[in-house]
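The chains referred to below are lettered A, B, ... by the order of the sequence lines, with proteins before strands, and numbering in each begins at 1. This structure is a prediction, so every number in the text was calculated from the model and none was measured.
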Amino acid sequence: MTTRQEPPANGRATIIDRHRLVEVLNAGTQFILVTAPAGSGKTILVKSWLESQGATRPYAWASIERGELDPQRFWSTLVTRVRQCLPTDATVDELAPAPAFNAELVIARLIADLELVGILTIVIDDVHEVKRTGVLEQLTSFLGRLPSSTQVVLISRHDPQLGLHRRRLEGQVSEIRLDQLRFTVDESKELLAAAGITLSDNGLQLLHSRTEGWVAGLRLAAVSMAAHPDPERFVVDFSGSERMVAEYLMAEVLDSLPSDVRRLLVNTSILDRVNGALGDLLTGDAGTEGHLSALAEACGFVIPLDTRGEWFRFHHLFADLLAAELRHSQAPEIPNLHMAAAHWLSEHGYVLEAITHALAADDHALVASLLVEHYFSLMLDGRQATVRSLLDTAVSRSDAPELAAVLAADELIGGSLDQAAAHLALAEHRAPEVPEDRRRRFEIMLYVTRLTLARRIGDFQSVLDAPQPAALFAEPLSNEDIAMQSDARALILMNLGIVEVWSGRREDGDQHLTAAEDIARKIRRPYLEVSCQVHRAQSLTWSSFAAARSVAEEVIATTERHGWQNDPVAGAALVVLGSCLVATGRVAAAERAFRRAEETLRSDLEPAVGFVLHTGHGIVNLVKANYAQAITSFLEAERLGTSLASKSPLALMSRCAMLYSAVLANETNLVQKALDELTEAERNSGEVREVIAVRSLANGDAHGALAVLKATVTEAIGVHHRLVLIRSLLLDARARYMMDEVLEAQNSVERALDLAEADELIIPFLFLETTDLLKRHPRHQTAHGGFLTLIQDFLSGRELDGDGGHPRSVAVSLSETELRVLRFLPTNLSSAEIASEIYVSVNTVKTHMRNIYTKLGAHSRSQTVEYARNLSLLSHTVHAG
Amino acid sequence: MRSHTITSQARGIVKKPAIPIYEIRLRGVLGGTLLSAFPTLTAAAIDSDTVLSGELPDQAALFGVLSLIESLGLELLGVQQVART
């Protein structure tokens, strides 16, 4: 469903002014509950009330779809509606689909945004359609935290269990129930008059008492009577019948219609929505479109879903009654109708609806092929919950091997990697059973799944070894293949690229990641795009931390804009950002980034990202001289590095960093033992030579240190990153000062500064005891005076002290986020810089600043700071990182 | 219920679990169209009401029927379990 408009348009259905109910609605309580059975006129009442308020009360209307299973879709609909009803959409951030969904985060953000929005009414219609307790819990949590400026109207067929008892006791809940909704005799008269029907007082009384003021009954009666030669007679017959009101009237309505219209209503009752082409297909007639428009004009039971008059749906009660009529009169036809609908919907790209009808028609081959073909696209559309439910149904009825492949792919999203591997093995085993015409897409799916799984468990070697399926790039391609392939190809290139970057084939990796990113951009898959960008940022850290940082920050801003802050992709970006911050000596800021990353990645830490995270932690601890913790972090990084590929250069890197920490911690035996275990090749790496040099220096053996560093500093042998060279040069300088070779020492320091300044690589200076080196470095001879001063500032601990934590303020009037922004105001950071500090968009920061000004009654930033200081709101001022 | 089944099994008695029979009373007389929505239940008209009865193997089946009753806008007067097969 992409076209559904909210709230439902009323067509020409007459809206009766119902004063006594409007009074209840106008009472101004924060919660309004409208609960009554189907057809009681709940929606139309609330809608006409809101429309009569005009612009004085903006409202957002979200209906829960029939049988809704996707919390993501409900919340994104609600966010969209709230955005749409505000004069500018800048206040409320949009929510874009992503495979994983974190409701709590989205709710927290929406609540924070609603605080800024001011007066607003939110209508949630068809609350009874919430069948999953998860959504109910989310709604309960949402309602419990709403700011008082937000009013909520809940419309439901039965009392929703949403924890409103306390609010009811506080007098904050108004209710409208069945008895109030019943039409009075006068209202019934008005309704009939609007349909051009006049009855005698007696006839009106009869009709009213027979329908008991039930509005759906009155409306059905009105439709029948409009076509009836003798309305009075109609009422008498109706009153004399014992049949159910709805059933009697429905039969009358259908009888009064021409046979083609009648067929249209009954046959299309299997659909959630209908358009001209589908209606023609299911009835075998032409002219559906005209009939639907006429019906929508004539009665309130056919509801247009768009302004173009293309799609319509039936009032739910009306649809259910028609479906009963279909079952009653032409049960054997039903599977054929579902089948025809399934094919039309699949050909026109309405995949989920097509699968639903294919399931109803028991066409398992179609179900399996639709799921295989569209799984990745649906997942990227954020429809995993719905797909999961359809998949469960399909699996319970069919054991097609294709379903095993879909199950494997599905487990990769928030499921179990072991389960994924098991399903994958089964699918591979049974591949020969897949019919020839469906084989190609099946193999593409298997390949994508295999690749993703291997990448996620860090089995990089098998990715590099696996041959690409010939089918993937075979010609000629059908249109369906190309559509499936855009998503699949982007996924394949992305996974390949990630593995290559981590396996030392960065050039190939960058190329593949860029290609995947290009496809993702073209097919509008922002989620895939940022996933590629994160790993490209990681790759960039080898050449430029500044460039890597800027890509990582861009990704973080994008995730924030789309509501994916808690998605693993945001976590991975924070890890890259953290490692860039570490390299440039921003240790406290790096720790903040790592902490936030860990919150995001708790359940989904893939080995490659984990490696960077633990390495980062290790270096932070090294700088803080927490050697024991540093050793633990580096050991964990090494474990992950080893798991990525058997002979990983990363593993050796971590091992050396660990040994480095061990030397500083005086773990002499551990270091000797580890050095003894190294292979000849490993001994020739720049990192191992550093470790030996550090040990020599610790033992006062300057000669030994110089000797071992020679290959590194003179010929750059075994140096795969300039950080190694910088560190070696600094160690070299220390050794030379010990030997009183002052000029040579200064020369090495100057070379280290040369290499470090462009990318601000401050970190080596922070843990290599360089205070003396820098103090003795001649100011008048260096080309890096400013940089030298900056390093000395860092060495004096200025930055490290900045991270004092920000305990919650006692101030009630400012929200948590506003307080966070407020504490940056005394610094000279621009709003863009504040935004990057707290990982939100510039617009959000500006909005918060506006609100802070308003709340404090200030007219400028300096005035705000002054007022805030007087109110002791700034007691935990942060440093400017 | 559960413990009963387990005991029976423990004794080695092979016995199908008893399926409950429910009676659901609705206001008004349902015609063929509406009755076709409940193909597994039989209907009887009693005092201008309709009583649907039949086997509903578990609570999920029962709630399925109740939800259908709600969506068809029928007025529910009562539900009871009358026997087990």
Side-chain angles (χ1 to χ4, degrees), chain A residues 35-42 66-67 126 128-131 156-159 178 181 210-212 214-217 219-220 238 240-255 266 269 301 314-332 334, chain B residues 1-2 5 16-82:
Chain A
T35 44
S40 303
K42 305 179 289 290
R66 293 209 103 173
D126 291 336
H128 58 269
E129 292 291 349
V130 176
K131 305 288 198 247
S156 178
R157 285 182 184 172
H158 51 240
D159 289 335
L178 177 61
L181 280 164
R210 178 72 168 100
T211 57
E212 297 173 277
W214 184 50
V215 67
R219 285 189 192 278
L220 282 169
F238 176 32
S241 160
E242 277 199 323
R243 279 176 83 191
M244 296 284 310
V245 171
E247 190 175 29
Y248 180 95
L249 291 172
M250 193 68 182
E252 290 293 323
V253 168
L254 288 176
D255 278 348
V266 175
S269 68
F301 295 107
F314 299 153
H315 182 278
H316 290 162
L317 173 70
F318 191 67
D320 288 331
L321 291 168
L322 288 169
E325 176 59 33
L326 177 67
R327 270 192 305 271
H328 181 56
S329 58
Q330 343 166 25
I334 295 176
Chain B
M1 168 58 210
R2 184 172 290 262
T5 314
K16 267 194 183 167
I19 300 176
I21 294 176
Y22 285 92
E23 277 184 6
I24 299 166
R25 189 169 181 127
L26 304 173
R27 184 147 167 248
V29 178
L30 270 65
T33 307
L34 283 179
L35 287 177
S36 69
F38 309 96
T40 62
L41 303 176
T42 52
I46 300 172
D47 303 337
S48 315
D49 292 338
T50 301
V51 176
L52 299 173
S53 58
E55 291 180 356
L56 292 170
D58 55 20
Q59 292 285 298
L62 175 62
F63 280 113
V65 171
L66 294 182
S67 143
L68 194 54
I69 288 169
E70 182 185 52
S71 65
L72 288 168
L74 302 174
E75 189 174 338
L76 180 64
L77 296 176
V79 180
Q80 60 176 338
Q81 201 186 93
V82 290

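In terms of non-hydrogen atom pairs under 4.5 Å with chain B, the most contact-rich of A/Glu247, A/Met244, A/Glu242 is A/Glu247. If you tally non-hydrogen atom pairs under 4.5 Å between each of B/Gly32, B/Pro39, B/Ser48 and chain A, the highest count goes to B/Gly32.
Across all their heavy atoms, B/Ser36 and A/Arg327 have their closest contact at O-NE, 3.4 Å. Of all non-hydrogen atoms in B/Leu34 and A/Leu321, the two that sit nearest each other are CD2-CD2, 3.7 Å. Scanning both residues, B/Ser71 and A/Ala38, for their nearest heavy atoms gives O-CB, 4.3 Å.
Residue A/Glu129 does not touch chain B at all, counting heavy-atom pairs closer than 4.5 Å.
Atom CD of residue B/Glu75 and atom CD of residue A/Glu212 lie 6.5 Å apart, to the nearest 0.5 angstrom. Distance check: A/Met250 CE to B/Leu72 CG gives 10.5 Å after rounding to the nearest 0.5 Å.
Not counting sequence neighbours, the partners of A/Phe238 by the ring-ring contact (aromatic ring centres under 6.0 Å, His included) test are A/Tyr248. Every residue two or more places apart in sequence or in another chain that forms a side-chain contact (heavy atoms from CB on, under 4.5 Å) with B/Leu35 is listed here: B/Leu30, B/Ala43, B/Leu52.
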